[in-house]
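Read the numbers this way: they start at 1 and go in the same order the structure lists the ligands and their atoms.
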Amino acid sequence: RVDIPRDYNAAQDLLARNEGRYGKVAFIDAVSGASLTYGDLAKQSYQFANALRAKGFTPETRVMIAMLDTLEWPVVFLGCILAGVVPVAANTLLTTKDFEFMLRDSRAQALFVSKPLLPVFESLVGTSGTLKDVYMAGDDAANSVAALIAAGSPVPSPHDTSADDPCFWLYSSGSTGTPKGTVHLHSHLIQTAELYGRGVLGIREDDVVFSAAKLFFAYGLGNSLTFPMSVGATAVLLPARPAPAEVFNTLLKYQPTIFYGVPTLYAALLADANRPARAQLNLRVCTSAGEALPAEIGRRWTEAYGCEILDGIGSTEMLHIFLSNRPRQVRYGTTGQAVPGYELRIVGDDGRECGPGEIGELQINGPSAALMYWNNRAKTKATFAGEWTRSGDKYTRDADGYYTYGGRSDDMLKVGGIYVSPFEVEACLMTHAAVLEAAVIGVADTDELVKPKAFVVLKAGQAASAEVLQMHVKNALAPYKYPRWIEFVPELPKTATGKIQRFKLRASTPP
Ligand code: 3SK
């Protein structure tokens, strides 16, 4: 674990580590080709921090970032932290209803939003209680992020935060569909960079990194911002959706040495008829997280590109990966071993620690565990139990210390690496006039990757096709949540008290 002084500002540290590299490129926009040097980054981040102060934003107040992965993202995030203002990084794939909840829950006083995302927020501006100002990214109007940066003094004057001060929030998906504001401290970013970024990936100054996971995800934030900045490497940012063509173009054009993906994407990349040859890429190491990597995908990728995929698992609560395969020790089909600096245990239903081969819940003890869920005492107590954080994931460990994923302890699904609550999808299906009841489970597709499947009971005399119901969900929720298959059934299996027995649906659904 890293010793961090009591007086500590995370953004100041990340910028100070690169004081000798002001001419070096820190970030590149993969679409426009524009770049930001470490010198530009430091200057603009301090300008942004000073402009925030001049506008009256005081330390410890929250602001929301709902921005695409452009060069302005790191400036806004670091600038807020320098000013002691707490950025709440929001998942840009969500809906107006989700953002309304997050703005109210966090009491964000400002919103920094990319121009293409503005329509999703339009109805909230002026209606969310504490939201004072909206600044547009990717624009140079008077109320833009660019104008704010230009207005600020570049004098470095970080707020005197402590290592234990709240630094930023991320929203973690809740099993009821209500996101939980996960509060991280100033000390957490650098802990993840040292323990996983340096300790497992061996990231170094001459690396060029590219993450398909966006900066608003804990996975993407470490991949593209903390880890490269901690050693002075260069990160390529892709503002667009990471479809296979865009990912391959970026790998070809910028020749990253580290690529961070998720299993669904690796499967899509391998299936792409136009994929480049091994000699055209310059990959040194690849990572996967979000959901368990099927062994076959790992093997095929290594065969195709001569580069291992280090499968691991992290969480929004722990900020990054705490269990991972390591270079030259990869065992596909497992999630690897504990990341040094994190202690893991597997706990059975009886509360006792499991031995080798016994299945139980994975719990983590490490220096990057979130302080709490904002405004949610019950869920905080249920997840953060003293030194130990409950993952909600079931695991077994073998005699060599390799862990194998065994499913979730609750009904949550991971789709393309992102949590989906079956209850939220069911509730959405039931808002359709023809639907009486619905139950959603996870079903593995041909690549062994889990996608939502819905069982639907229609109201008597009503009709609706699977396509209509799928579109209904896509229009109401973040599109990745829609059920890929819908089976119409006369009734759902239930307990005597009327609870849906999803386990029976799972058991009767062939893999
Ligand atoms: O989903 C994961 O495995 C993950 C990895 C790193 C950081 C955050 C998360 C949720």
Side-chain angles (χ1 to χ4, degrees), residues 89-91 93-94 168-175 179-184 188-197 199-201 203 209 211-228 230 242 258-266 285-294 297-298 309-325 334-339 341-342 344 362-364 366-370 373 383 389-395 403-410 412-421 442 449-450 480:
N91 176 346
L93 306 171
L94 296 179
F168 65 97
W169 297 12
L170 301 171
Y171 269 92
S172 166
S173 316
S175 60
K180 295 166 286 182
T182 309
V183 180
H184 278 287
H188 292 175
L189 290 168
I190 205 64
Q191 293 285 6
T192 61
E194 291 296 337
L195 298 178
Y196 175 78
V200 173
L201 297 180
I203 191 168
V209 309
S211 171
K214 302 294 177 196
L215 284 158
F216 61 75
F217 287 119
Y219 183 43
L221 181 66
N223 296 345
S224 293
L225 189 140
T226 328
F227 302 170
S230 72
I258 301 182
F259 173 62
Y260 314 91
V262 294
T264 310
L265 179 60
Y266 283 112
V285 62
C286 294
T287 71
S288 180
E291 58 186 325
L293 178 76
I297 294 179
I309 302 180
L310 308 183
D311 186 24
I313 180 179
S315 67
T316 306
E317 290 74 7
M318 294 307 299
L319 191 54
H320 215 275
I321 291 175
F322 46 79
L323 167 60
S324 177
N325 279 280
T334 80
T335 321
Q337 299 160 290
V339 170
Y342 291 94
L344 304 181
L362 180 69
Q363 301 187 355
I364 312 106
S368 54
Y373 297 129
T383 301
T389 301
R390 300 182 59 175
S391 70
D393 289 307
K394 291 215 156 136
Y395 265 91
Y403 289 70
T404 301
Y405 181 63
R408 287 283 305 167
S409 312
D410 55 21
M412 293 290 280
L413 316 175
K414 273 257 181 128
V415 180
I418 316 177
Y419 276 117
V420 173
S421 158
L449 296 164
V450 171
Y480 59 83

I need the [X] [atom1] to [Y] [atom2] distance, nearest 0.5 Å.
X: L319; Y: L221; atom1: CG; atom2: CG; answer: 6.5 Å
X: N325; Y: Y403; atom1: CG; atom2: OH; answer: 13.0 Å
X: S391; Y: L344; atom1: OG; atom2: CG; answer: 9.0 Å
X: M318; Y: L323; atom1: CE; atom2: CG; answer: 11.5 Å

With heavy atoms of [X] as the reference, note each atom of ligand 1 found under 4.0 Å away.
X: A218; answer: 7 (C), 8 (C)
X: I313; answer: 3 (O)
X: H320; answer: 6 (C), 7 (C)
X: T316; answer: 10 (C)
X: I321; answer: 5 (C), 6 (C)

Checklist entry - Any idea which protein heavy atom is nearest atom 10 (C) of ligand 1, and the distance to it? => result S315 CA, 3.5 Å
Checklist outcome for this item: Counting heavy atoms under 4.0 Å, the part of K414 that contacts ligand 1 is side chain
Checklist entry - Given S288 and Y266, is the side-chain hydrogen bond (donor to acceptor under 3.5 Å, both in side chains) satisfied, shown in steps? => result CA-CA 9 Å; S288 180; Y266 283 112; 5.7 Å; no
Checklist entry - Would you say the side-chain atoms of Y342 and S368 include a donor-acceptor pair closer than 3.5 Å? => result yes
Next on the checklist: Under a 3.5 Å cutoff, is there a donor and acceptor pairing between the side chains of Y419 and S172?
Outcome noted: no
Item to check | Whether L319 lies under 4.0 Å from ligand 1, heavy atom | outcome: yes
Checklist entry - Any nitrogen or oxygen of G314, main chain or side chain, under 3.5 Å from a nitrogen or oxygen of ligand 1? => result yes
